[in-house]
Amino acid sequence: MGTESAVALMHATELLLLDHADRRLHLVPVDALRSAVLGGPGHVDPDRPMVECTALPSGQVIYVLADEIRPHALPDDAVSAVLTRFAVTGLRPANSPMLATDRRTLPMFGNLADPTWLSLSLGGQCGSKCVFCYTEWIRHEPKLTFDQAVRALDEAISIPTVEAVVFTGGEPTIRKDLPELVRHASKQGYGAIGLQTNGHLIANPLYLNGIVESGVTNILLSLHGARPETHDRITRHRNSFTLALRALKSLAVDDRVMVEVNFVVCVQNAWEVEDLIELISQVAPAATVRYSFPIVEGAAYDNAESTLPSLQAFVELISGTVSRAAGGTTVSVANVPACISSKIGLANTYTVSQRRSMLAVSPFASSRTLRGEVSAKLQVCGGCRFSDECDGLQLAYLRRFSQAYRHVSDARDC
C-alpha cells in the first residue's frame, strides 16, 4: 500500500490488525502501541519480539510489539461486528509487484522452492456462469498464450520435485490448443495430468477420446445438482446437466482415466447432497465424489447472502451422506478446515499442505481485481491439533456469519 494508507493509519484512533503469526484479529487502541513500524521489522529485541501484521481494510503491513497487541485480541463473538464496522471485505488485489506488466512475462506464483504439482490456469473464460464461481473475476482477463503455457510446463517439469499438472481455468476445454498442450505435458514426463471441466465438450465421445489419448489421466467433473433444473439454475447454462451427465456416462466405461465429481455445496443445491451419491452409484460407480465448500470470492462473494451455506449446515448435510456412501462410492470434502472434515469423518482434499506444495501459473497473478485470499483464526481454534493444516476462515465468511465461532466449536474434533 502507498502513502494514503500510511496517512490513514496515522490518524486512526484504533487499528484492526491481523497477526501473521497466529492468524488472530486484534482491535488495538493506537495509544497502546509504543512502537510500530510500517513496511519493515524495525528494531530487534529478543525479549520483546515484533510481529508482522496487516492493518485492515487498507492492507498496510505494519510491525508491532507482540506483547502490546496480545491483550487486544478480538473475542469470537465480536469478530463479525468489527469486520462490518471497518468495512472489511476480505478481498485484496491478486497482482504481485514482482510481476512485470509485459504480457510475455510468465505469471508464476505459489511454491517456487519445492513444489510437487503445477496448477496451470489457461484463462478465466467459461461457457457456464455458476453462482458460486470463484474465478468469475478473471472471466474477462487476458488468457495465457500458447507459448506461455508451454513455457510453464517446461519450467515446472525441470524442478525435480514436480510430478503432476492440472489444467484448469475458467474452462480449459474451450481452448482449441488444449490437446496439444496435454500432449506436450505427456511428452515432458508428467506422471499425472489432470483436467478440471464442466463436461460440456467431453460429452462428445470423439473429443473425450482425443483428450484422453493426448495424455489426460485424471478428470475432475463439475456436477452441482442431482437434477437438471438444479444444476442448470446454478450454472446458468441450459442443458448443462445433460452434457455433464453424458460426459460422466462416457467416462464410466473408460478405464484409462480416473474420475472425480465435484459438487460445490450451496443454498441452491443443499437438498440434493445425498441424492448425488445415488446418482453417481448408478451412473459411474467407480467415480469418487468431492463435496466442496465455496471459496468466497468472485461470484461466491457477490452472491454470498443468497448462496453461501454455513459450515454448520455443511457438516449436517455431508454427515448424512457417509452412511449412504457405504456401498462403495468414495467421498471426500474440500475447502473446509481439517477439524470439520475430521468431524464428518471424510478425507480432506485440496488441503493447506497441497496448496502449499502448488506451483501456479495463471492470469490470477497479474489481475488487479480483488479476490478473497485473507483468512483469520478464532479464539476457539486455540490448541487445535490441526493448526498446521489450517489458515482459519475467510474474512468474508466471518463477517457474513456472526456465529461462525459456534460453527467451528460445534464441529471441532481436537
Side-chain angles (χ1 to χ4, degrees), residues 96 98-100 102-126 135 138 141-199 201-202 204 206-222 247 250-251 254-260 262 288 290 349-351 353-366:
S96 167
M98 299 297 292
L99 293 170
D102 191 328
R103 282 283 293 136
R104 294 170 296 181
T105 300
L106 190 63
M108 183 176 287
F109 61 106
N111 188 328
L112 304 178
D114 57 351
T116 61
W117 65 289
L118 168 67
S119 175
L120 184 54
S121 173
L122 299 177
Q125 296 73 30
C126 184
T135 64
I138 64 161
E141 293 286 325
K143 61 187 178 183
L144 292 186
T145 66
F146 177 80
D147 289 342
Q148 282 179 310
V150 167
R151 190 146 47 93
L153 291 167
D154 293 347
E155 292 191 18
I157 200 63
S158 69
I159 303 172
T161 52
V162 171
E163 302 172 347
V165 59
V166 175
F167 288 95
T168 183
E171 174 53 47
T173 63
I174 66 177
R175 289 280 298 253
K176 293 182 180 181
D177 55 10
L178 177 63
E180 187 175 354
L181 290 171
V182 172
R183 283 193 294 270
H184 185 78
S186 182
K187 290 178 181 177
Q188 289 294 79
Y190 284 90
I193 301 175
L195 174 65
Q196 297 179 352
T197 177
N198 58 23
L201 283 180
I202 65 171
N204 181 331
L206 291 176
Y207 183 89
L208 175 59
N209 183 65
I211 202 70
V212 173
E213 285 192 342
S214 296
V216 167
T217 61
N218 306 75
I219 289 181
L220 180 66
L221 177 68
S222 296
S250 296
L251 288 166
D254 194 329
D255 59 6
R256 296 173 297 174
V257 62
M258 296 180 62
V259 183
E260 185 173 24
N262 187 43
T288 61
R290 176 196 296 185
T349 58
Y350 198 52
T351 62
S353 292
Q354 290 172 319
R355 294 197 294 275
R356 287 174 181 162
S357 68
M358 176 181 71
L359 172 64
V361 176
S362 167
F364 287 1
S366 56

Practice task
Answer whether the closest heavy-atom distance between the side chains of T135 and T168 falls below 4.5 Å.
Solution key: no
Problem - Step-by-step side chain to side chain contact (heavy atoms under 4.5 Å, CB included) determination, E155 to V162 - result: CA-CA 10 Å; E155 292 191 18; V162 171; over 6 Å; no
Exercise for the section: Write down the atom of Y350, the atom of R355, and the distance for their closest heavy-atom approach. Expected result: O-NH1, 2.7 Å
Exercise for the section: State, with a plain yes or no, whether a side-chain heavy atom of L251 is found less than 4.5 Å away from one of I202. Expected result: yes
Exercise for the section: Sort out for me which residue in L153, V216, T197 forms a side chain to side chain contact (heavy atoms under 4.5 Å, CB included) with F167. Expected result: L153
Fill in the blank from the handout: When rounded to the nearest 0.5 Å, the distance separating CD1 of I174 from CD of Q125 is 5.5 Å
Problem - Within-4.5 Å side-chain heavy-atom neighbours: T217 and Y190 - result: no
Completion exercise
Between the OG1 atom in T288 and the CG atom in L220, the distance rounded to the nearest 0.5 Å is 8.5 Å
Practice task
Please tell me if the side chains of L122 and L181 come closer than 4.5 Å, counting only heavy atoms from C-beta onward.
Solution key: yes
Problem - Point-to-point distance, once rounded to the nearest 0.5 Å, from OG of S357 to CG of D114 - result: 8.5 Å
Exercise for the section: Specify the closest pair of heavy atoms between P115 and M358, including all atoms of both residues, with the distance to one decimal. Expected result: CB-C, 4.4 Å
Exercise for the section: Mind listing the closest non-hydrogen atom pair of N218 and A192 along with its distance? Expected result: OD1-CB, 4.0 Å
Problem - Nearest-0.5 Å distance, CG of residue L120 to CG of residue L195 - result: 11.5 Å
Handout entry: Inter- and intrachain pairs under salt bridge (charged side-chain N to carboxylate O under 4.0 Å, His left out), touching residues 166-182, at least two apart
Key = R175-D177
Handout entry: Beyond-backbone contact of W117 with E163, side-chain heavy atoms, under 4.5 angstrom
Key = no
Practice task
Take atom CE of M258 as the centre, draw a 6.0 Å sphere, and report whether it contains more than 12 heavy atoms from other residues, nucleotides or ligands.
Solution key: no
Practice task
With the side chain counted from C-beta on, respond yes when M108 and L359 share a heavy-atom pair under 4.5 Å apart, and no when they do not.
Solution key: yes
Exercise for the section: Determine whether Q148 and V361 make a side-chain contact, defined as any pair of heavy atoms from C-beta on separated by less than 4.5 Å. Expected result: no
Completion exercise
For R183, the salt bridge (charged side-chain N to carboxylate O under 4.0 Å, His left out) test, sequence neighbours excluded, returns none
Handout entry: Residue pair Q188 / D154, side-chain donor-acceptor N/O under 3.5 Å
Key = yes
Completion exercise
For S121 and I138 the tightest heavy-atom approach is OG-CD1, 4.4 Å
Practice task
List the atom of A247, the atom of G199, and the distance in Å for their closest heavy-atom pair.
Solution key: CB-O, 3.6 Å
Fill in the blank from the handout: Closest non-hydrogen atoms of T349 and Q354, given as atom of the first, atom of the second and distance, are C-OE1, 3.4 Å
Exercise for the section: Working to the nearest 0.5 Å, report the span between CD1 of I219 and CD of Q196. Expected result: 11.5 Å
Handout entry: Note, S186 side chain near S214 side chain (heavy atom, < 4.5 Å)
Key = no
Exercise for the section: Supply the atom-to-atom distance L201 CG to I211 CD1, rounded to the nearest 0.5 angstrom. Expected result: 9.5 Å
